Amino acid sequence: MNLDIRYPLGWIFVAFGVVLGLYGLETIHNGMYAASMNLNLNLIWGVVMLGFGASMLFLARRAS
Amino acid sequence: MHLGWVDWLLMLIYFGFVLGIGFALKRYMKTSNDFFLAGRAIPAWVCGLAFISANLGAQEVIGMGASGAKYGIITSHFYWIGAIPAMLFVGLFMMPFYYGSKARSVPEYLRMRYDEKTRALNAFSFAIMTVFSSGISMYAMALLIQTLGLLHGIVPDGWIFHVSVALSAMIVLGYIFLGGLTSAIYNEVLQFFLIVAGFLPLVWVGLRNVGGWDGIRRTLPASMTHSWRGMLHANTNPLGVEIVGLVMGLGFVLSFGYWCTDFLVIQRAMAADSQDAARRVPIIAAVPKMLFPFLVILPGLIAVCVGAHGGHGIIPVKVDPLSGSAVVDASGNAIYNYDLAIPMMLLHFFPSGILGLGLTALLASFMSGMAGNVTAFNTVWTYDIYQSYIRKGASDEHYLWMGRVSTVGGVLLSVAAAYAATSFNNIMDALQLIFSMVNAPLFATFLLGMFWKRTTGHGAFAGLLSGTITAMAHHGLTLPAGATPGIHGGWLGHVIYTYPSDMAQNLWTAIFAFSVNLIVTIAVSFVTEPKPESELVGLVYSLTPRQSEVHLAWWQKPQALAFAVLLILLLLNVVFA
């Protein structure tokens, strides 16, 4: 198939990662993180998702 | 429930990508082969993830979480016994015949191996089941959106159900209509990763809250944290099943009947780019499948540990949607709504932002369940019903057009099924029951067909019918403890045996149906004329030359992969025994 699945997969994780990460930065002193055991899940998980998305894009690029 | 703008933004991004994939693939859909079989050009790992994702529908995520909260880690048997061995078997032994025979669907394999009537029986029952399954997914999703109040304040309350059904139907229709099976498979891969990404942080934070697995073991009774304790007798474990029923019924008959014969999952493997790849698909899929209990069952266990008030944690009391008052059982005790275990976990631990991701993951699982059924339906309808009995010998363009039309038809029928579920309380229970009766004997037909060349078409057809009749008779003559005759069994007017639980009754229904099918098929085959051996090459094990595997590296060999999966499976069972 001519469309490598790793492109859409990579881009959606990059998009989610950026949105979550920026929102996490903006709410860094917000009390709402008491719910998640005082972990800023948005920032942490945003970075993880961004990393996963970027590596998918890198792999897709290397293959083409 | 209040959602922030960021939660809506994430859900919108997801829906944008889902439809975007459909549009991007539209220009590649030139023949019916592209639309129904994804051009047989998809790499094994992509098919493998789609293989489990298509099965990971709403019922699974919600149901496994609920069962984890209610029964504990013993629920993992549905994965470790009820899926993995069958997935390895279909990859190692059955895929060469499905893929190598060039059949385009499972019913078509039955026609090549047996005859027209066996194919017709399988094609019609399968088409009806897929439509209802996707309708049930749609219904469950709309009900959850309504219960959580997701659209509260945006859409008038009385319209939430209708809007949810319409939206999910349009999105699924959109991406399959445009990009066919490829689009469904690509979206299933996306859904797989989103479900993992959404549930992993939930388990992480949840475990921190309850003090890890050790904390769960301290809080909950031992029967909930051990998967094999008390399995020898039905009344010493929470499932109410003894070991023979569990291993034979769930581990063999039901799980092999589903994973090895259901076109919904087999279709994903048949889309692989080579026979070697097709054999690896279910084995690759077995790896994440084996670990899914930690994503979907564990949150259920955590949910009953959080706060631990009265042993129900954050599980809410069941509320009657019409009157708004709590539902109580015969002795006046509150009934808990375990189906809300996972949604409650999301709301409890996730702040705005990541909550959007969690809800996206949940919605993704509902959609993958629906889309899987719709793509299987349009293929079986077009190839096995329309092309075989309604319009033979039309151009390929015409069948491609029919594929799109039947996608619309399949979605509309699913919507009808979803509404049927709202108006008849018992219709879904009744349907589930009929599915299990049709499915239970099926595996014997395939097993004999692939591994015994003497099996005849008349034998297969007679066996399949008598297996289904046996399942009905067994259900009609037995009853689970505490139930009244009716939908739960005993409707033939005379109860000859009472099982300790629903599940035990189900599993033994399947065991009897399978055995009768096996015996009748063998008996009838002996007195009827078999097909000449020359017609069975590529369809039966003993008449098909073994494929050479010398060109594969050791880690690409299906046997080596399957062996590794078995080792991990054993380890998991020992650790959580």
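First the proteins, then the strands, lettered A, B, ... as listed; each starts at 1. This is a predicted model, so every value here is computed, not measured.
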side-chain contact (heavy atoms from CB on, under 4.5 Å) partner of B:V189, chosen from B:I21, B:L194, B:V46 |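 By the side-chain contact (heavy atoms from CB on, under 4.5 Å) criterion, B:V189 pairs with just one of B:I21, B:L194, B:V46: B:V46.
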Mind checking whether B:F193 and A:F13 have parallel, tilted or perpendicular rings, split at 30° and 60°?
->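 Plane angle over 60°, so perpendicular.
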Under the 6.0 Å and 45° cation-pi test, does B:R40 pair with B:Y99?
->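 Cation-pi check for B:R40 and B:Y99: passes.
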How many angstroms lie between CG in B:D34 and CG in B:L400, if you round to the nearest 0.5 Å?
->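 Answer for the CG-CG pair, B:D34 versus B:L400, is 8.0 Å.
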B:G356, B:P43, B:G353: which one forms the most heavy-atom pairs within less than 4.5 Å of chain A?
->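 Looking at each of B:G356, B:P43, B:G353 in turn, B:G353 comes out on top.
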Take atom CH2 in A:W11; do more than 12 heavy atoms of anything else shown fall under 6.0 Å from it?
->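 Check fails, neighbour count at 12 or below.
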Portion of [X] that has a non-hydrogen atom of chain A nearer than 4.5 angstrom:
| X | value |
| --- | --- |
| B:L9 | side chain |
| B:A197 | both |
| B:S352 | both |
| B:I185 | neither |
| B:F349 | both |

For the candidates A:N42, A:I12, A:L20, which exhibits the highest count of non-hydrogen atom pairs separated by less than 4.5 Å from chain B?
->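 Highest number of heavy-atom pairs under 4.5 Å: A:I12.
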Side chain, backbone, both or neither: which part of [X] has a heavy atom under 4.5 Å from chain B?
| X | answer |
| --- | --- |
| A:L39 | side chain |
| A:M49 | side chain |
| A:Y7 | neither |

For the residue pair B:W5 and A:Y23, is the inter-centroid distance of their aromatic rings smaller than 6.0 Å?
->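 So the answer is yes for these two rings.
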Is there a donor in the side chain of B:T407 and an acceptor in the side chain of B:N378, or the other way round, less than 3.5 Å apart?
->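 The criterion, which ignores hydrogens and geometry beyond distance, is satisfied for B:N378 and B:T407.
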